[in-house]
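Accompanying notes for the structure given below.
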Amino acid sequence: MSDVPGQNYEAALVWRCPVVAARGEERAAEFEAEKPGSAAWIARAAAAAWVACGAFEWVALGYLAASSALIAIFLKNIAHPIKLLSVQALVASIILLLCLAEARVSGRAKLEGDTISVKFWHFWRHWYPHLFFLFCFEELGKLVHLVTPGWQDAKLITADYMLTGVHPTVWLEQFATPARNDFMQFAYLTYFTYLLVLGGTLYYRRDWRGYWSVMTYSAAGYAIGYCIAIFFPIESPWFSMAGAWHGPLSGGPFTTTINFIEHFGRVRGAAFPSEHVAGSVAALWGAWRHRRWLFWVMAPMVTCMCVSTVWGRYHYVVDVFGGMVTGTLGYVIGSWIIRARGAVASEAR
């Protein structure tokens with residue numbers, strides 16, 4: 001899709017990363033000159049794929065590179081490190097190929113119009129970040145003991161007690177009823193809607209800078225949280241304090257739904273900081289900056305969601321505060337990254 005009539009495809013893809021742009025172009029030229037045939041083609045494709053990336057990809061690929069380096073350094077601490085590195089490389093390759101494919105069909109769009117192919121690649125180019133976040137979170141289950149062998153929950157249990165004077169997940173049980181439990185589980189489920197609703201609103205309005213800004217805030221916040229979780233493994237009250245309650249939380253349809261999701265998607269570890277809270281806070285900051293009216297809709301829901309993470313025994317109170325900090329850091333760092341030239345690939349096209 002071209003927003004700049006008359007601009008040819010090659011020019012539309014040109015961007016300048018403040019640190020490496022000139023050096024990258026020179027190196028790409030050297031590759032073309034030095035390696036004939038397929039090697040030169042691969043070099044050109046790799047250079048074009050990187051040019052097609054934006055701020056979100058800089059953060060996402062940076063996280064994959066950092067976690068892959070940690071896997072290589074501490075490979076003796078985990079099972080199947082080669083498999084994990086291969087999966088990391090595959091995900092990075094898919095991201096680059098997706099960006100390259102969308103850039104190429106967008107470059108032809110001004111001649112062919114909005115064909116099915118253009119719409120297909122444009123859609124997936126903008127919505128794959130949600131799948132990437134899910135992949136990274138699920139992968140953390142295999143990385144939580146990469147650096148630190150044992151669980152560190154005792155530290156957070158002590159911190160919660162010092163902060164509140166009680167064990168919050170146990171203390172809250174006295175207020176549990178099926179209706180309250182179901183409301184809290186509903187609040188917990190709303191986490192999955194924040195980025196979808198905000199992103200969908202910006203996507204519908206074709207506010208590409210706002211859209212990719214929000215995705216970059218979230219990516220930065222999540223990446224910080226993922227890295228902390230790798231170095232500081234916390235398994236959550238659900239596991240570490242099992243048996244401290246009189247029984248499970250009973251409820252209605254929302255409780256049943258969350259139990260089903262947790263049964264198949266629960267990750268043991270990666271509880272600190274809470275990625276639910278970090279992602280929600282990053283999205284909330286994005287709404288404040290780009291769609292203020294949506295911020296006021298989301299704010300009470302995000303507040304209830306934060307409480308629900310402790311009510312449902314998924315997190316310590318300290319996890320919630322940690323998520324608030326990392327989500328805010330994601331917003332601050334993402335705001336800085338998105339100002340770089342070429343950070344919003346959609347605007348160039």
Side-chain angles (χ1 to χ4, degrees), residues 127 129-138 140 168-169 172 175-204 210-211 213-215 217-219 221-222 225 236-238 248-267 270-317 319-328 330-331 334:
W127 289 97
H130 300 276
L131 298 178
F132 177 76
F133 295 145
L134 180 61
F135 160 77
C136 291
F137 182 73
E138 291 297 322
L140 278 178
T169 53
L172 284 170
F175 303 106
T177 66
R180 290 172 185 156
N181 293 340
D182 217 42
F183 172 77
M184 285 297 175
Q185 299 293 21
F186 164 75
Y188 189 73
L189 282 169
T190 61
Y191 156 77
F192 298 101
T193 67
Y194 302 143
L195 195 57
L196 287 171
V197 171
L198 177 58
T201 301
L202 296 168
Y203 184 88
Y204 176 77
Y211 182 90
S213 294
V214 168
M215 293 300 164
Y217 307 154
S218 299
Y222 281 132
S236 85
W238 181 276
L249 296 172
S250 60
F254 296 111
T255 302
T256 302
T257 300
I258 201 64
N259 288 340
F260 176 82
I261 293 173
E262 291 291 328
H263 177 73
F264 290 101
R266 184 185 300 276
V267 173
F272 179 83
S274 169
E275 299 297 347
H276 274 67
V277 175
S280 300
V281 169
L284 193 61
W285 278 115
W288 173 265
R289 181 157 187 172
H290 299 284
R291 287 295 183 274
R292 189 67 56 87
W293 65 269
L294 195 52
F295 169 86
W296 296 112
V297 175
M298 290 170 56
M301 299 171 66
V302 170
T303 301
C304 290
M305 194 281 303
C306 290
V307 174
S308 76
T309 63
V310 181
W311 182 287
R313 304 164 181 173
Y314 308 119
H315 287 286
Y316 305 103
V317 171
D319 297 340
V320 176
F321 289 138
M324 291 177 179
V325 172
T326 52
T328 301
Y331 169 72

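We number each residue from 1, following the sequence as shown.
- Partners of Y191 by ring pair (Phe, Tyr, Trp, His ring centres under 6.0 Å), not counting sequence neighbours, listed by chain and number: H276.
- For the pair L198 and A283, the tightest heavy-atom approach, listed with the atom from each and the gap, is CD2-O, 3.3 Å.
- Take Y204 and apply the ring pair (Phe, Tyr, Trp, His ring centres under 6.0 Å) test, not counting sequence neighbours, and it matches no residue.
- Partners of F183 according to the ring pair (Phe, Tyr, Trp, His ring centres under 6.0 Å) rule, which considers only residues two or more places apart in sequence or in another chain, do not exist here.
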Q185 vs T257, test: side-chain contact (heavy atoms from CB on, under 4.5 Å). Steps then yes/no. CA-CA 9 Å; Q185 299 293 21; T257 300; over 6 Å; no

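- In this structure, H130 and F133 have perpendicular ring planes: the angle between them is above 60°, well past the 30° mark.
- Across A176 and N181, no two heavy atoms sit closer than the pair CB-OD1, 3.5 Å.
- The distance from atom CD of E275 to atom OG1 of T309, rounded to the nearest 0.5 Å, is 12.5 Å.
- Looking at Y194, its side chain does come within 3.5 Å of a backbone N or O of M301 through a donor-acceptor pair.
- A distance of 13.0 Å separates OG1 in T326 from CZ in F321, rounded to the nearest 0.5 Å.
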Please list every donor-acceptor pair under 3.5 Å in which a side-chain atom of residues 249-256 meets a protein atom from a residue at least two apart or in another chain.
from	atom 1	to	atom 2	distance (Å)
T255	OG1	D182	OD1	2.8
T256	OG1	G252	O	3.1

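- Using a 4.5 Å heavy-atom cutoff, the side chains of L195 and S218 are in contact.
- Once rounded to the nearest 0.5 Å, the distance linking CG of L196 with CZ of F192 reads 10.0 Å.
- For residues 304-317, the salt bridge (Lys or Arg N to Asp or Glu O under 4.0 Å) pairs, not counting sequence neighbours, are E173-R313.
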Could you walk me through whether F137 and Y222 satisfy the side-chain contact (heavy atoms from CB on, under 4.5 Å) test, starting with their C-alpha distance in whole Å, then the side-chain angles of each, then the deciding distance to 0.1 Å, before giving a yes or no? CA-CA 9 Å; F137 182 73; Y222 281 132; over 6 Å; no

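- Between C306 and M324, the shortest heavy-atom contact is SG-CE, 4.2 Å.
- Between the side chain of H315 and the backbone N or O of A271 there is at least one donor-acceptor pair closer than 3.5 Å.
- Using a 4.5 Å heavy-atom cutoff, the side chains of Y316 and P237 are in contact.
- P273 is not listed as a side-chain neighbour of D319, based on a closest heavy-atom distance of 4.5 Å or more.
- Within the 4.5 Å cutoff, side-chain heavy atoms of I258 are placed close to those of Y314.
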Kindly list each side-chain donor-acceptor pair under 3.5 angstrom involving residues 291-299, sequence neighbours excluded, with atom names and distances?
from	atom 1	to	atom 2	distance (Å)
R292	NE	W288	O	2.6
R292	NH2	W288	O	3.2

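- Between V214 and H290, the shortest heavy-atom contact is CG2-CD2, 3.9 Å.
- The line from CH2 of W238 to OG1 of T169 is 11.5 Å long, rounded to the nearest 0.5 Å.
- Without hydrogens or angle criteria, S308 side chain to W311 main chain gives no donor-acceptor distance under 3.5 Å.
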